[in-house]
Structures are given as C-alpha cells and as structure tokens.
Amino acid sequence: MHSFLYRANAVLTFSVMVLAAICAMASFSDYLNVPSPTAHLKVVNINWLQKQPNGNDEVSLKLDISADLQSLFTWNAKQVFVFVAAEYATSQNALNQVSLWDGIIPSKEHAKFTIQTNNKYRFIDQGSNLRGKDFNLTLHWHVMPKTGKMFVDKIVITGYRLPETYI
C-alpha cells in the first residue's frame with residue numbers, strides 16, 4: 001500500500017493541475033469577447049486659432065464627446081483609459097497626434113457617457129502648420145486587465161478642418 005505522504009502528494013498534484021486548467025480556461029474566455037464600442041466626436045466650436053509669440057500655432061476647441069464603451073468590460077477588465085487625439089499630417093511628419101482630452105473609466109456603470117468640454121490639453125503645432133489643416137478626431141482606449149495583456153483599439157472620425165486665418 002502507498003504511504004500517507006505519497007497519497008497527499010498525488011492529491012495535491014492533481015488539485016494544482018485542475019486549478020491550472022481552470023485558470024487557463026478562464027483566461028481564454030476573455031478572448032471570446034468581441035467588444036462593439038460606439039463613439040461620436042464632434043467639434044462644437046473653434047474658440048480660437050492663434051499664433052504664439054514663439055511662432056507656433058495653437059488651437060482651442062469645444063468638443064462634444066459621447067461614447068458607449070460598456071462592451072469593453074468583462075470579468076477581467078479592471079479599468080479603461082480613454083483619450084481623444086487630433087491627428088493630422090504635415091510636410092515634416094506623416095502623422096502628428098495631439099492629445100486633447102482623457103479620462104479613466106473605473107467600471108461598466110461609468111462606461112456610457114456624454115460630455116461637452118474644451119480641450120483639456122493644449123493643441124499646439126511646432127510651426128505655422130495648423131491654418132487650413134484637415135484633421136481627424138480619434139477616440140483611443142486601453143483596457144487594463146486584472147491579469148494578462150492590455151487591449152488597445154480606437155475609433156477614427158474624419159472630416160474636420162481648421163480655419164484658413166487666425167481667429
């Protein structure tokens with residue numbers, strides 16, 4: 001017959017293997033979620049477009065941001081970091097990104113929101129490149145999990161243009 005320690009080792013080993021299999025299945029279940037977030041971004045008003053004393057262009061925008069990010073929350077989502085960026089191209093850079101607003105969504109209950117705000121961060125270009133410039137507003141999100149890798153995605157809203165003259 002087997003000793004007590006041999007039997008205890010067998011039971012413990014089996015228990016750890018079952019626990020590992022359950023953890024693997026739980027982690028895999030997070031990949032089965034297909035999120036379908038929606039967002040609407042709108043420039044309500046261009047407050048001003050001015051040239052700074054150092055020669056750089058600066059813009060102040062009033063934004064209308066509404067989003068439903070509830071589908072991003074699963075059992076594994078701790079919080080979601082969300083931000084709005086203005087994206088445009090210049091002769092020096094194919095892609096310029098300027099963060100305009102950000103926020104942290106701590107739970108699914110707070111993931112559906114509508115706000116109207118001025119840009120939280122300054123929209124400045126190095127040089128006089130913003131007059132008459134086409135740009136996109138992009139809502140980015142980073143799902144911060146309790147365990148595992150971070151999930152990142154975005155929604156791009158195109159069709160915005162800055163004025164040709166300073167206001």
Side-chain angles (χ1 to χ4, degrees), residues 14-49 56-90 92-126 129-130 132-163:
F14 178 74
S15 300
V16 169
M17 293 303 291
V18 168
L19 183 62
I22 290 171
C23 288
M25 287 188 296
S27 293
F28 178 72
S29 73
D30 205 29
Y31 291 103
L32 300 176
N33 179 42
V34 180
S36 56
T38 59
H40 301 284
L41 306 172
K42 182 179 171 187
V43 175
V44 176
N45 188 32
I46 298 173
N47 298 329
W48 41 265
L49 167 61
N56 296 335
D57 283 350
E58 181 176 4
V59 181
S60 174
L61 304 171
K62 184 168 190 154
L63 302 170
D64 186 19
I65 306 165
S66 64
D68 183 358
L69 306 177
Q70 292 178 330
S71 64
L72 298 174
F73 281 88
T74 64
W75 67 271
N76 193 27
K78 182 176 182 181
Q79 65 186 13
V80 175
F81 174 70
V82 61
F83 67 97
V84 174
E87 299 178 343
Y88 60 97
T90 61
Q92 294 177 338
N93 299 306
L95 177 63
N96 295 282
Q97 293 180 313
V98 179
S99 181
L100 301 177
W101 173 87
D102 66 9
I104 295 175
I105 302 170
S107 65
K108 188 173 187 173
E109 293 76 31
H110 297 97
K112 190 172 185 177
F113 61 91
T114 299
I115 62 168
Q116 198 171 71
T117 183
N118 289 324
N119 48 304
K120 187 175 177 180
Y121 304 107
R122 297 172 73 182
F123 185 176
I124 299 175
D125 182 70
Q126 295 176 344
N129 298 314
L130 290 180
K133 184 64 65 182
D134 292 321
F135 69 99
N136 300 328
L137 288 178
T138 305
L139 182 77
H140 297 262
W141 60 84
H142 298 230
V143 179
M144 298 174 186
K146 295 175 184 167
T147 182
K149 71 175 193 155
M150 192 180 320
F151 173 68
V152 176
D153 208 353
K154 64 184 175 182
I155 295 176
V156 179
I157 311 293
T158 61
Y160 296 103
R161 185 172 182 84
L162 293 170

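Side chains included, hydrogens not; waters and symmetry mates left out as well; all remaining heavy atoms used.
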Applying side-chain hydrogen bond (donor to acceptor under 3.5 Å, both in side chains), which residue pairs with at least one partner in residues 34-48 are found, sequence neighbours left out?
-> N45-N47, N47-S60, N47-N118

Answer yes or no: does atom [atom1] of [X] have more than 12 heavy-atom neighbours from other residues, nucleotides or ligands under 6.0 Å?
| X | atom1 | value |
| --- | --- | --- |
| Q116 | CD | yes |
| K112 | NZ | no |
| K62 | NZ | no |
| H110 | NE2 | no |

Does the [X] side chain pair with the main chain of [Y], one donor and one acceptor, at a distance under 3.5 Å?
| X | Y | result |
| --- | --- | --- |
| D68 | Q70 | yes |
| N136 | V156 | no |
| R122 | E58 | no |
| N119 | L61 | yes |

Verdict with supporting geometry, F73 and N33, side-chain contact (heavy atoms from CB on, under 4.5 Å) | CA-CA 9 Å; F73 281 88; N33 179 42; over 6 Å; no

Which heavy atom in [X] sits nearest to a heavy atom in [Y], and how many Å separate them?
| X | Y | result |
| --- | --- | --- |
| A67 | L139 | CB-CD2, 4.1 Å |
| P37 | S71 | N-OG, 3.4 Å |
| T114 | S66 | OG1-CB, 3.4 Å |
| L130 | V59 | CD1-CG2, 3.6 Å |
| K133 | A89 | NZ-O, 3.0 Å |
| Y121 | S99 | CB-O, 3.3 Å |

Can you list the residues that meet the side chain to side chain contact (heavy atoms under 4.5 Å, CB included) rule with P163, with sequence neighbours excluded?
-> I46, L49, I167

Does any part of the side chain of [Y], heavy atoms only, come nearer than 4.5 Å to the side chain of [X], both counted from C-beta?
| X | Y | answer |
| --- | --- | --- |
| L63 | V43 | yes |
| W141 | V152 | no |
| Q79 | H142 | no |
| V98 | I124 | no |

Distance check, rounded to the nearest 0.5 Å: [X] atom [atom1] versus [Y] atom [atom2]?
| X | Y | atom1 | atom2 | value |
| --- | --- | --- | --- | --- |
| C23 | M25 | SG | CE | 9.5 Å |
| I155 | T138 | CD1 | OG1 | 10.0 Å |
| T158 | L41 | OG1 | CG | 11.0 Å |
| L137 | L100 | CG | CG | 6.5 Å |
| N96 | F135 | CG | CZ | 13.0 Å |
| M144 | M150 | CE | CE | 5.0 Å |

Verdict with supporting geometry, V80 and I104, side-chain contact (heavy atoms from CB on, under 4.5 Å) | CA-CA 6 Å; V80 175; I104 295 175; over 6 Å; no

For the pair Y88 and D125, evaluate side-chain contact (heavy atoms from CB on, under 4.5 Å) and give the outcome as yes or no after the intermediate values.
-> CA-CA 10 Å; Y88 60 97; D125 182 70; 2.6 Å; yes

Pair E109, S107: side-chain N/O donor-acceptor within cut-off below 3.5 Å = yes

Between D134 and Y160, is a side-chain contact (heavy atoms from CB on, under 4.5 Å) present by the stated rule, with each step listed?
-> CA-CA 6 Å; D134 292 321; Y160 296 103; over 6 Å; no

Between F83 and F81, does a ring pair (Phe, Tyr, Trp, His ring centres under 6.0 Å) hold up when you go through it step by step?
-> CA-CA 7 Å; F83 67 97; F81 174 70; 5.7 Å; yes

